[in-house]
Peer 1: 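Pasting in a structure now, in structure tokens, and then I'll have a few things to ask.
One is the number of the first residue; the rest follow in order along the sequence.
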Amino acid sequence: MSAAELTCDVLVVGGGLGGVAAALAAADRGASVVLTEEHPWLGGQLTSQAVPPDEHPWVERFGTTARYRALRDGIRDVYRRRYPLTDAARRRDDLNPGAGWVSKLCHEPRVAVGVIEEMLAPFRSSGRLRILRRVRPIAATAEGERVTSVTLGSVVGDDDTVVTAAFVLDATETGEVLPLAGVEYVTGFESQRETGEPSAPADAQPGNVQALSVCFVLEHVDGDHTIDPPERYGFWRDYAPEAWQGARLVSWQAPNPRTLELESRSFTPNPGDDPLLVDADQSKSAGDGDLWVFRRILARDLFAPGAYASDLCLVNWPTIDYFLQPVLDADRETEEAAYADARQLSLSMLYWMQTEAPRADGGTGFPGLRLRPDVMGTSDGLAQAPYHRESRRIRALTTVTENDVSYAVRGERGATRYDDSVGVGMYRIDLHPSTGGDTYIDVASTPFEIPLGALIPRRVTNLLAAGKDIGTTHITNGCYRLHPVEWNVGEAAGHLAAHCLATGRSPHAVQAAQDLLEDFQRELVSTGFELRWPAEAHPY
């Protein structure tokens with residue numbers, strides 16, 4: 001069978017937040033772009049993985065690119081134009097449709113899908129952008145220090161497409177292009193000898209990778225909506241990880257990420273709280289005391305009485321963290337088996353909640369909990385894609401280590417300042433339990449910058465990291481993996497590829513020469529990038 005062939009200036013492999021941002025930036029600068037995505041929805045962790053945006057506390061005022069702000073504004077605009085909001089909710093400039101405590105903008109994933117498609121639409125109409133859906137990279141060719149083509153295989157059929165491009169941007173969730181193209185990369189823990197990081201182990205542990213999760217959405221309504229017992233329910237109900245100190249994973253208990261002490265969370269469906277009083281600021285509170293409101297994505301009391309029978313609760317809790325087996329560099333059969341087991345864990349958590357979970361009134365089970373497949377865009381009610389917290393990471397010109405961002409190390413000096421900054425980010429160094437048996441690593445960080453050198457491989461000249469595969473370590477991935485940072489990384493990569501095409505320069509040359517770097521940075525700033533933090537940003 002012969003494969004279809006395409007040629008473009010910039011191939012963006014992976015349609016998550018980084019990939020979408022990269023495609024927008026490159027197409028807007030005049031490049032011809034092919035954007036690919038494995039799952040039905042573009043948007044990655046924000047949509048197909050169903051994770052409300054994890055953001056820093058100043059996101060409403062500063063600390064993002066203009067395009068990321070446009071995405072957030074577009075999501076709010078949909079709710080204001082199309083949803084039956086109460087007058088009080090509609091008047092809020094900082095409308096939080098879910099009134100979740102994890103984010104100032106908790107919302108349904110499908111709304112973000114629509115806004116992303118709208119942002120991409122002008123470039124598709126002009127022919128500058130082409131989107132290949134339901135494909136994943138299966139092969140690549142390279143000549144010397146250049147990647148020449150990537151082959152995309154259909155995940156729903158037998159068709160292949162070979163794309164030849166001047167620049168290849170890897171925006172996949174796990175850095176899938178890197179091994180195919182022979183780009184040097186690292187996985188899991190680096191050794192302390194290599195990085196000097198206080199939280200790193202003495203020896204490298206490449207198979208020790210953060211947990212992944214398969215999220216889902218619940219409502220609580222009248223009736224018995226109990227699902228059939230999952231096939232692996234017996235195992236998951238009884239599984240007690242060492243870090244849980246004798247407690248079971250499937251429970252209301254989990255270690256506090258910062259103290260590692262076992263804590264019990266509450267769960268109160270449709271609690272009747274005032275959603276306008278929610279102050280989603282993780283620098284003040286983690287907000288996870290009541291799991292129902294923690295990642296709530298629709299708060300019914302923000303809408304006209306009777307419009308919604310229930311809140312919508314997004315389940316992305318420690319109880320569904322899957323860390324039995326790593327999937328990076330595993331064969332496809334092992335990878336798929338791990339995903340299937342992670343789905344069994346999520347369904348087991350749901351079944352336990354419906355049948356055995358202790359309630360505040362002394363009873364057990366919440367049979368009124370019901371999955372919402374329509375909200376997830378799936379037939380079974382689980383997210384379209386697993387939420388990967390950690391990717392393969394390029395061996396980059398610049399590798400950000402714990403010593404560059406940790407408040408314990410940096411103190412009042414603040415994070416390392418990079419001459420080649422292409423953006424900013426902020427989040428605690430937040431690592432979930434990992435496949436090697438490690439518990440949480442949760443370290444206070446300082447507002448940080450994104451160095452251009454972290455997007456550029458040491459050797460390969462025309463591939464750029466455009467997502468979680470940038471030059472971080474296992475430790476610093478924990479604060480560089482969140483939504484606005486991934487978007488900023490992808491948008492910077494898209495700009496750089498188009499800039500290099502227009503000027504005939506290589507990414508390495510732009511990063512190395514001060515005058516060329518400053519030219520590029522001025523272009524970024526002119527399109528709404530922020531390269532430094534204002535003084536009022538602080539560690540947490």
Peer 1: Would Trp236 and Met349 satisfy side-chain contact (heavy atoms from CB on, under 4.5 Å), going step by step from the backbone distance to the final call?
Peer 2: CA-CA 8 Å; Trp236 284 118; Met349 181 62 193; over 6 Å; no
Peer 1: Do the side-chain N and O atoms of Ser32 and Arg130 include a donor-acceptor pair separated by under 3.5 angstrom?
Peer 2: no
Peer 1: Sequence neighbours excluded, which residues qualify as salt bridge (Lys or Arg N to Asp or Glu O under 4.0 Å) partners of Arg343?
Peer 2: Asp380
Peer 1: Any chance you could measure His388, atom NE2, to Tyr339, atom OH, to the nearest 0.5 Å?
Peer 2: 3.0 Å
Peer 1: Could you measure the distance from the CD atom of Glu491 to the OG1 atom of Thr65? Nearest 0.5 Å is fine.
Peer 2: 4.0 Å
Peer 1: Do His495 and Val422 have side chains that get closer than 4.5 Å, going by heavy atoms?
Peer 2: no
Peer 1: So, for Leu169 and Gly494, which heavy atoms are closest and what is the spacing to 0.1 Å?
Peer 2: CD2-N, 3.7 Å
Peer 1: Where do Asn208 and Gly437 come nearest, in terms of heavy atoms and distance?
Peer 2: OD1-N, 4.5 Å
Peer 1: If you round to the nearest 0.5 Å, how far is CG of Asn462 from CZ of Arg146?
Peer 2: 4.0 Å
Peer 1: Distance-only, no hydrogens or angles: does the Arg295 side chain make a donor-acceptor pair with backbone N or O of Asn316 under 3.5 Å?
Peer 2: yes
Peer 1: Do Leu17 and Leu71 touch side chain to side chain, with heavy atoms closer than 4.5 Å?
Peer 2: yes
Peer 1: Does Glu449 reach the main-chain N or O of Pro451 with its side chain, forming a donor-acceptor pair under 3.5 Å?
Peer 2: no
Peer 1: With a 3.5 Å distance limit and no angle check, can you tell me whether Arg67 reaches the backbone of Trp487 through a side-chain donor-acceptor pair?
Peer 2: no
Peer 1: Sub-3.5 Å donor-acceptor pair from the side chain of Arg134 to the main-chain atoms of Glu38, do we have one?
Peer 2: yes
Peer 1: Between Leu42 and Arg133, which heavy-atom pair has the shortest distance, and what is it?
Peer 2: CG-NH1, 3.9 Å
Peer 1: Taking atom types as modelled, find out whether Thr141 and Thr148 have a side-chain donor-acceptor pair closer than 3.5 angstrom.
Peer 2: yes
Peer 1: Are Trp101 and Phe294 close enough that their ring centers fall under 6.0 Å?
Peer 2: no
Peer 1: Quick one: does Thr161's side chain get under 4.5 Å of Val135's, heavy atoms only?
Peer 2: no
Peer 1: Would you say the ring centers of His432 and Tyr322 fall short of 6.0 Å from each other?
Peer 2: no
Peer 1: Between the main-chain N or O of Gly365 and the side-chain N or O of Thr355, is there a donor-acceptor pair closer than 3.5 Å?
Peer 2: no
Peer 1: If you take all heavy atoms of Pro326 and Thr435, which pair is closest and at what distance?
Peer 2: N-CG2, 3.6 Å
Peer 1: Evaluate the side-chain proximity of Tyr239 to Val250: yes if any heavy-atom separation is below 4.5 Å, no if none is.
Peer 2: no
Peer 1: Below 4.5 Å, heavy atoms only, C-beta onward: do Ile320 and Val214 meet side chain to side chain?
Peer 2: no
Peer 1: Would you compute the distance between atom CZ of Phe167 and atom CG of Leu11 and round it to the nearest 0.5 angstrom?
Peer 2: 12.5 Å
Peer 1: Return yes if some donor-acceptor pair links the side-chain N/O of Asp469 with the main-chain N/O of Gly175 below 3.5 Å, else return no.
Peer 2: no
Peer 1: Please list, chain by chain and in numerical order, all residues satisfying salt bridge (Lys or Arg N to Asp or Glu O under 4.0 Å) with Glu55, sequence neighbours excluded.
Peer 2: Arg72
Peer 1: Does Arg392 reach the main-chain N or O of Glu184 with its side chain, forming a donor-acceptor pair under 3.5 Å?
Peer 2: no
Peer 1: Answer yes or no: is there a donor N or O on one side and an acceptor on the other, between the side chain of Glu390 and the main chain of Val209, under 3.5 Å?
Peer 2: no
Peer 1: Would you check if Arg428 and Gln282 make a side-chain contact, meaning some heavy-atom pair closer than 4.5 Å?
Peer 2: no
Peer 1: Keeping Arg232 on the side-chain end and Leu347 on the backbone end, is there a donor-acceptor pair under 3.5 Å?
Peer 2: no
Peer 1: Please round to the nearest 0.5 Å and tell me the distance separating atom OG of Ser154 and atom CZ of Arg136.
Peer 2: 12.0 Å
Peer 1: Hey, are the side chains of Leu482 and His56 touching, using non-hydrogen atoms and a 4.5 Å cut-off?
Peer 2: no
Peer 1: Within a strict 4.5 Å, meaning less than it, do heavy atoms of the Val12 and Thr36 side chains meet?
Peer 2: no
Peer 1: For Phe123, is there any backbone N or O sitting under 3.5 Å from a side-chain donor or acceptor partner on Arg128?
Peer 2: no
Peer 1: My understanding is that only one of Glu219, His225, Gln354 makes a side chain to side chain contact (heavy atoms under 4.5 Å, CB included) with Leu369; could you say which?
Peer 2: Gln354
Peer 1: Sequence neighbours excluded, which residues qualify as salt bridge (Lys or Arg N to Asp or Glu O under 4.0 Å) partners of Asp311?
Peer 2: Arg296
Peer 1: Enter the distance from Leu431:CG to Phe189:CZ here, rounded to the nearest 0.5 Å.
Peer 2: 6.5 Å
Peer 1: Checking Thr195 against Glu190: is there a side-chain donor and acceptor pair closer than 3.5 Å?
Peer 2: no
Peer 1: Can you tell me if CD on Glu231 sees more than 12 non-hydrogen neighbours from other groups inside 6.0 Å?
Peer 2: no
